[in-house]
Amino acid sequence: MGMEAGGTKNVKSDINVVPLIDVCLVLLVIFMVVTPLLQKGVDVRLPKAASATKKEAVKVTLTVKRDGQMYLESDKIASTDRLEEKLTGLFSNREEKSLYIKADETLTFDKIMEVMDICKNAGIKEVGLMTEKKG
């Protein structure tokens, strides 16, 4: 038996690392859960094209989801009427009047043309369609 009696008070000089490991594991789990949520943009399935190139000067993206919901960057647009107001306000002071449309591959040509017309009415000079590269 390893009991001591009588009050010899020896100081333990070992470092207990178990709480440090617990904190590190909790932080790891938090980062693993939060990281996928931080991805930028709205998730849509883009159509595929053989010649997909991107202009770096275009900074604004309009996303149109399968159900027709629209997002200007990450802001949800309630209706097509609000879209023109938002675009006009956003591009009124910019010199570069270009925008990418990131539309789901299942959308009809009518819907894409409707959105492109709204962009044109809002004063946007260049509209590009985002695609994924084939292959």
Inset, instruction - Identify the two heavy atoms, one from Ala50 and one from Lys133, that lie closest to each other, and give their separation to 0.1 Å. - result: O-CE, 3.9 Å
Inset, instruction - Please determine which of Thr63, Asp75, Thr80 meets the side-chain contact (heavy atoms from CB on, under 4.5 Å) test together with Met70. - result: Thr80
Please report, to 0.1 Å, the donor-acceptor pairs under 3.5 Å made by any side chain of residues 105-119, with sequence neighbours excluded.
from: Glu105; atom 1: OE2; to: Arg45; atom 2: NE; distance (Å): 3.3
from: Glu105; atom 1: OE2; to: Arg45; atom 2: NH2; distance (Å): 2.7
from: Thr106; atom 1: OG1; to: Asp104; atom 2: OD1; distance (Å): 2.7
from: Thr108; atom 1: OG1; to: Lys111; atom 2: N; distance (Å): 3.4

Legend entry - Interatomic spacing from CZ in Arg82 to CG in Leu72 - rounded to 0.5 Å: 11.0 Å
Legend entry - Note, Ile15 side chain near Leu20 side chain (heavy atom, < 4.5 Å): no
Legend entry - Residues clustered with Phe31, ILVMFWY side-chain links under 4.5 angstrom: Val23, Leu27
Inset, instruction - Taking the side chain as every heavy atom from C-beta outward, state whether Leu90 and Glu73 have any pair of such atoms under 4.5 Å apart. - result: no
Legend entry - For the student: nearest non-hydrogen atoms of Ser98 and Ile124, plus distance: CA-CG2, 4.1 Å
Inset, instruction - Could you check if a side-chain atom of Tyr71 sits within less than 4.5 angstrom of a side-chain atom of Lys102, using non-hydrogen atoms only? - result: no
Legend entry - Least distance between heavy atoms, Leu46 atom then Ala103 atom: CD2-O, 3.6 Å
Inset, instruction - Would you indicate whether the side-chain heavy atoms of Leu87 and Leu99 approach each other to under 4.5 Å? - result: yes
Legend entry - Side chain Thr35, main chain Met32, donor-acceptor under 3.5 Å: no
Inset, instruction - Report the distance from atom NZ of Lys59 to atom OH of Tyr100, rounding to the nearest 0.5 Å. - result: 10.5 Å
